[in-house]
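The structure under discussion appears below in the form of structure tokens.
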Amino acid sequence: MNYWLMKSEPEVYSIHDLEKDQAAMWEGCRNYQVRNFMRDQMKIGDQAFFYHSNANPSGISGIMQIVSEAYPDPTQFQEDSEYYDNKSSLDHPKWLVVDVKHVSTFQQILSLKYLKSIDNLKDMQVNRKGQRLSITPVTTDEWNTILKLSSHITNN
DNA sequence: GCCAACGTTGGC
DNA sequence: GCCAACGTTGGC
């Protein structure tokens, strides 16, 4: 059982969209390191923080669960998709997705600024300068610390 | 909109 | 295989 932090721009897809949809395919990842996380380390039942990037404020907005193994991202084959990749083929797909389901939405975003102020989280990847991976591992300690911080503002 | 910090591409 | 140029991410 692993923990993750997964970024999405809320303008593109937010925790509220996921709450409405209940489940979603985490499409469009085009970074090899992130793909390898999905391929090699993500397991059904893993949990992830939903992180709003490029947002106001940016921060953790809720929790979701991984509900599939990694499988080929269909958008890489769709010529009309912004995620289309003409160097990929059905035989050798380059990019993968996982399915996620909504677990909870925080009533308030745990902002990046706030996360950075927490001593136990000072080594967390999302708090590091220049850290741009859209999916990063979260340690059990970090997960529990953030759960505690969120517990009094989490609904459902 | 700026720009730092990456990742990727491609010439050589 | 090096590395400069370019593209992208994402905080601010």
Side-chain angles (χ1 to χ4, degrees), chain A residues 2-21 24-42 46-66 70-100 102-139 141-143 145-150 153-154:
Chain A
N2 296 310
Y3 297 114
W4 304 95
L5 180 142
M6 298 168 72
K7 296 178 181 174
S8 176
E9 299 189 23
E11 301 260 310
V12 178
Y13 197 80
S14 74
I15 187 73
H16 306 291
D17 295 321
L18 182 61
E19 184 169 6
K20 178 157 53 72
D21 297 342
M25 192 176 68
W26 203 259
E27 64 184 31
C29 157
R30 295 296 180 265
N31 173 285
Y32 290 106
Q33 237 179 304
V34 170
R35 180 204 62 186
N36 295 349
F37 280 146
M38 289 195 280
R39 185 188 62 195
D40 302 334
Q41 295 186 46
M42 260 193 187
D46 285 0
Q47 292 198 286
F49 290 125
F50 194 125
Y51 181 90
H52 284 177
S53 63
N54 260 321
N56 202 359
S58 294
I60 295 174
S61 59
I63 295 174
M64 55 191 170
Q65 186 163 17
I66 309 304
Y71 61 96
D73 184 343
T75 65
Q76 70 195 305
F77 307 121
Q78 294 163 6
E79 286 191 43
D80 59 345
S81 168
E82 62 173 314
Y83 301 124
Y84 177 64
D85 185 343
N86 65 1
K87 297 199 201 72
S88 193
S89 69
L90 285 166
D91 286 350
H92 297 96
K94 281 171 67 179
W95 306 114
L96 302 174
V97 292
V98 293
D99 293 332
V100 298
H102 181 266
V103 173
S104 67
T105 301
F106 296 170
Q107 283 191 344
Q108 284 178 44
I109 302 272
L110 293 182
S111 72
L112 183 61
K113 186 179 176 189
Y114 179 59
L115 296 173
K116 283 185 168 171
S117 76
I118 306 298
D119 200 50
N120 284 353
L121 301 179
K122 66 179 188 314
D123 294 329
M124 197 175 175
Q125 294 215 26
V126 77
N127 282 339
R128 292 179 197 165
K129 193 178 181 187
Q131 189 289 117
R132 303 183 313 158
L133 296 179
S134 61
I135 298 180
T136 52
V138 171
T139 69
D141 281 352
E142 290 162 351
W143 182 270
T145 297
I146 291 168
L147 270 197
K148 211 175 291 176
L149 296 172
S150 72
I153 59 167
T154 305

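Only a predicted model underlies this, so the values are computations on that prediction, with no experimental measurement involved. Below, each value reflects all heavy atoms present in this structure, side chains not excepted, and no hydrogens, waters or symmetry copies. Labels below follow one simple rule: chain letters A, B, ... track the order of the sequence lines, proteins then strands, and each chain is numbered from 1.
Relative ring orientation between A:W26 and A:Y13 is described as perpendicular, the plane-to-plane angle rising above 60° on a 0-90° scale split at 30° and 60°.
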*Could you walk me through whether A:D73 and A:R35 pass the side-chain contact (heavy atoms from CB on, under 4.5 Å) test, one step at a time?*
CA-CA 10 Å; A:D73 184 343; A:R35 180 204 62 186; over 6 Å; no
*Report the C-alpha separation of A:I109 and A:Y114 in whole Å, then their side-chain angles, then the decisive distance to 0.1 Å, and conclude whether the side-chain contact (heavy atoms from CB on, under 4.5 Å) test is met.*
CA-CA 9 Å; A:I109 302 272; A:Y114 179 59; over 6 Å; no
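Heavy atoms only, all atoms of each residue included: A:V138 and A:F49 are closest at CG1-CE1, 4.3 Å.
Within the structure, every side-chain polar atom (N or O) of A:Y32 is placed at least 4.0 Å from both OP1 and OP2 of B:dT9. Close to C:dT8, at under 4.0 Å from its OP1 or OP2, lies no side-chain N or O of A:K7.
At whole-Å resolution of the value, CD in A:Q131 and C1' in B:dG7 are 13 Å apart. Going from atom NE2 of A:H52 over to atom C1' of C:dG11 covers 16 Å, rounded to whole Å. To the nearest angstrom, C1' of C:dG10 lies 14 Å from CG of A:N127. When the P atom of C:dC12 is taken as reference, atom CG of A:L115 falls 11 Å away, rounded to whole Å. Taking atom CD of A:Q125 as the reference point, atom P of C:dG11 lies 14 Å away to the nearest angstrom. Rounded to whole angstrom, the span from the CG atom of A:D85 across to the P atom of C:dG7 amounts to 17 Å. At whole-Å resolution of the value, CD in A:E82 and P in C:dT8 are 11 Å apart. The distance from atom CE of A:M6 to atom P of C:dT9 is 16 Å, rounded to the nearest whole Å.
More than 12 heavy atoms of other residues, nucleotides or ligands lie within 6.0 Å of CG in A:D40, so this atom counts as buried by the packing criterion.
Listed candidates were C:dG11, B:dA5, C:dG10. Nearest to the side chain of A:K129 is B:dA5. The nucleotide whose nearest atom lies closest to any side-chain atom of A:N31 is, among C:dC12, B:dT9, B:dG7, B:dG7.
When heavy atoms are screened at a 4.0 angstrom cut-off, A:Q33 is found touching the sugar-phosphate backbone but no base atom. No contact: A:K113 has no heavy atom under 4.0 Å from any strand.
Along DNA chain B, the nucleotide nearest A:N54 and the nucleotide nearest A:G130 are compared for position; the residue whose nucleotide lies closer to the 5' end is A:N54.
The base of C:dT8 does not come close enough to the side chain of A:R30 for any donor and acceptor atom to sit less than 3.5 Å apart.
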